[in-house]
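The shown structure was predicted, so the numbers you read here are calculated from the model rather than taken from an experiment. Both ligands and their constituent atoms are indexed starting at 1 by order of listing.
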Amino acid sequence: MAKSIILNALDIGTGSIKVLVGQKDLGTQDITILGQTQALSFGVRKGEISNPQEVSQGIVAAKEHLQKSGAAKIKKVLVNIAGSHLYSLQSQGLVSVSRADQKISKEDIQRVLQASRALNLPSNKEVLNVFAKEFVVDGEGGIEDPLGLEGIRLEAKVLLVCAFSPVLENLGSAVTEADLEIEEVIPSPLASARACLTPQQKELGVGLVDIGAGNTGVSFFETGKLIDFAIFPLGSANITNDIAIGLRTEIVTAERIKKEFGTLSFKKRKKKGSKIEIPEKSLSFSPKFLKDIIEARVSEIFSEVQKELKKISKQNLLPGGIVLTGGGSFLPGIVEFAKHKLKLPCRLGPPRNVPGIEDLAFSTCCGLLLSGFDSRERGRERVFEEGMGAKLRKLFKMFLP
Ligand SMILES: Nc1ncnc2c1ncn2[C@@H]1O[C@H](COP(=O)(O)OP(=O)(O)OP(=O)(O)O)[C@@H](O)[C@H]1O
Ligand SMILES: [Mg+2]
């Protein structure tokens, strides 16, 4: 008999907190959204939780809003982690195959992944996720799944995702103070990639750029595997701040101007000479003045993306191109601008496979939900992509009264 799973995704962003409650029918594979909410976020700076108490109040408000709209009470969440404290490291592990018949077992795979995360990290840093890139059995590489193969030496080449422990602790206390339990912690760029990229793009080689309010996350894939990810402390809120300074106006007005008149489009919006007027704020400025402010900041964001492409030697070399998502990608003309700047095919990437949700700002939240369904369907025991879920659950339970 077909069953269904209900999961809750919580995206704690710099600009807003977003929650999705989704149900997946394991028979038909259909996903239905049972609840959705978005509320202003406080206590998050450049993607990192700086004030857990404020964040926790925001989560409680979002929970209450969901319940008022008729959704069931939520208890466990899949939650994101962001901020430029997150970084990736290449690593490898090596173990001897343990069984007498030399067949590689699940335990051997777990041991080799465990060995690959045994690094000498500073005491305030920890490994959050381990992504296996390939396994090597007796020197034979390129193996995706070594389970059941015969061999003596098993090696794993992995990408580790590392985090700054105090930020993880802040995340733990913000969520548990809101009376919720953490089911899994997923870095935002990886969640967004899960929601916005197709398996074909990942196979070809692709980069995802999620421009949020306070930070921009990038993740790169090749032959279906994650090869790199990074987070920069720059986002669309920086554009708003620049507009506020440039026009000597308050943030709320600058945000409104950005959304209403902001564009990177090369085409002229207005006839030459015509000005944008905001009479109630006594503002009058040329579209070019606004475009120049926006362009400088967006250019800075794409320079960071370009640096990361250079780091992994993929400049002009991603056949699947660059996919833009996150609320910052709503800016008109950003796709053309990115193409011009990065010299790669670029397109917008709204979340896929979550019926009814195509909002660029909901990509991380959709990705959390989809990743949660993936983990549940694979079974609780995750073999090739070790998460910190279990460890964090224990850790966070200690915060509970
Ligand atoms: N139409 C629009 N034009 C320009 N910018 C927009 C538009 N709509 C939303 N934005 C910007 O998108 C940003 C919010 O995006 P998003 O919700 O993805 O960020 P977040 O997840 O809260 O933050 P972060 O991921 O950085 O922690 C805001 O800075 C907002 O001004
Ligand atoms: Mg975000």
Side-chain angles (χ1 to χ4, degrees), residues 9-20 36-51 54-55 58-59 62 78-86 167 170-171 174 186-196 208-219 229-244 251-265 269 290-291 293-295 297-298 301 304 323-335 337 348-351 357-368:
L10 166 66
D11 171 10
I12 306 172
T14 313
S16 63
I17 289 181
K18 305 166 191 87
V19 186
L20 280 178
Q36 176 180 3
T37 189
Q38 180 169 9
L40 279 182
S41 169
F42 300 96
V44 182
R45 198 179 298 139
K46 297 185 182 300
E48 288 174 19
I49 297 180
S50 52
N51 186 331
E54 276 186 327
V55 171
I59 301 172
L78 297 133
V79 69
N80 67 317
I81 184 161
S84 50
H85 67 104
L86 285 179
V167 181
N170 278 352
L171 171 66
I186 303 170
S188 297
L190 307 187
S192 301
R194 172 63 185 87
C196 305
L208 183 87
V209 177
D210 180 339
I211 307 175
N215 62 173
T216 295
V218 292
S219 49
F229 90 94
I231 298 181
F232 323 117
L234 279 174
S236 191
N238 292 90
I239 302 176
T240 307
N241 296 347
D242 294 345
I243 296 173
I251 293 290
V252 186
T253 310
E255 178 78 7
R256 198 188 110 200
I257 291 172
K258 178 179 78 174
K259 288 186 178 164
E260 216 168 300
F261 304 103
T263 180
L264 284 163
S265 177
R269 274 176 64 98
L290 181 63
K291 185 170 165 253
I293 295 177
I294 296 173
E295 203 174 288
R297 206 43 109 159
V298 179
I301 293 174
E304 292 296 334
V323 176
L324 302 176
T325 198
S329 302
F330 277 115
L331 202 62
I334 198 163
V335 172
F337 188 85
L348 283 185
I357 302 186
E358 283 172 9
D359 183 339
L360 294 166
F362 263 87
S363 296
T364 303
C365 212
C366 288
L368 290 171

*asked:* If you apply the rule salt bridge (Lys or Arg N to Asp or Glu O under 4.0 Å), what do you find for Glu48 with Arg45, and how did you get there?
replied: CA-CA 5 Å; Glu48 288 174 19; Arg45 198 179 298 139; over 6 Å; no
[X] versus ligand 1: do any nitrogen or oxygen atoms come within less than 3.5 Å of each other?
X      : answer
Gly13  : no
Thr14  : yes
Asn215 : yes
Asp11  : no
Gly212 : no

When you measure from the side chain of [X] to the backbone of [Y], do you find a donor-acceptor pair of N or O atoms at a distance under 3.5 Å?
X      : Y      : answer
Asp242 : Ile293 : no
Ser236 : Gly212 : no
Thr216 : Phe232 : no

Just jot down the ligand 1 atoms closer than 4.0 angstrom to any heavy atom of [X], in number order.
X      : answer
Ala237 : 29 (O)
Glu255 : 30 (C), 31 (O)
Lys18  : 16 (P), 17 (O), 20 (P), 21 (O), 22 (O)
Gly15  : 20 (P), 22 (O), 23 (O)

_Criterion side chain to side chain donor-acceptor pair (under 3.5 Å) on Thr364 and Asp210, from CA distance to verdict_ = CA-CA 9 Å; Thr364 303; Asp210 180 339; 3.1 Å; yes
_Close approach of Gly328 to ligand 1, heavy atoms, under 4.0 angstrom_ = yes
*Does Gly235 come within less than 4.0 angstrom of ligand 1, counting non-hydrogen atoms of the residue?*
no
In the protein, which heavy atom is nearest to [atom], and how far is it?
atom                    : answer
atom 3 (N) of ligand 1  : Phe330 CB, 3.8 Å
atom 4 (C) of ligand 1  : Leu331 CD1, 3.8 Å
atom 16 (P) of ligand 1 : Gly327 N, 3.7 Å
atom 19 (O) of ligand 1 : Ala213 N, 3.1 Å

*asked:* Here's a test for you: under side-chain contact (heavy atoms from CB on, under 4.5 Å), which of Ile59, Leu40, Asp11 qualifies with Ile17?
replied: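 Exactly one pass, corresponding to Ile59.
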_Residue from Thr240, Leu331, Thr263 passing side-chain contact (heavy atoms from CB on, under 4.5 Å) with Ile294_ =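 Among Thr240, Leu331, Thr263, the one that satisfies the side-chain contact (heavy atoms from CB on, under 4.5 Å) with Ile294 is Leu331.
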*Who pairs with Ser41 by side-chain hydrogen bond (donor to acceptor under 3.5 Å, both in side chains), at least two apart in sequence or on another chain?*
none
*With Ser219, which residues qualify under side-chain contact (heavy atoms from CB on, under 4.5 Å), at least two apart?*
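With sequence neighbours excluded, Ser219 shows a side-chain contact (heavy atoms from CB on, under 4.5 Å) to Pro189, Leu190, Ala193, Leu208, Phe221, Leu226, Phe229, given in chain and number order.
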*Considering non-hydrogen atoms only, spot the tightest contact between Ile12 and Val79 and give its length.*
CD1-CG2, 3.8 Å
_Could you report the tightest heavy-atom contact between Cys196 and Thr325, atom names first, then the distance?_
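Smallest heavy-atom distance, with atoms named: SG-OG1, 3.8 Å.
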_Part of Lys46 within contact of ligand 1 (heavy atoms, under 4.0 Å)_ =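 No part of Lys46 comes within reach of ligand 1.
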*Run down the list Glu48, Glu260, Lys258 and name the one with the heavy atom closest to atom 5 (N) of ligand 1.*
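Going through Glu48, Glu260, Lys258 one by one, Lys258 has the nearest heavy atom to atom 5 (N) of ligand 1.
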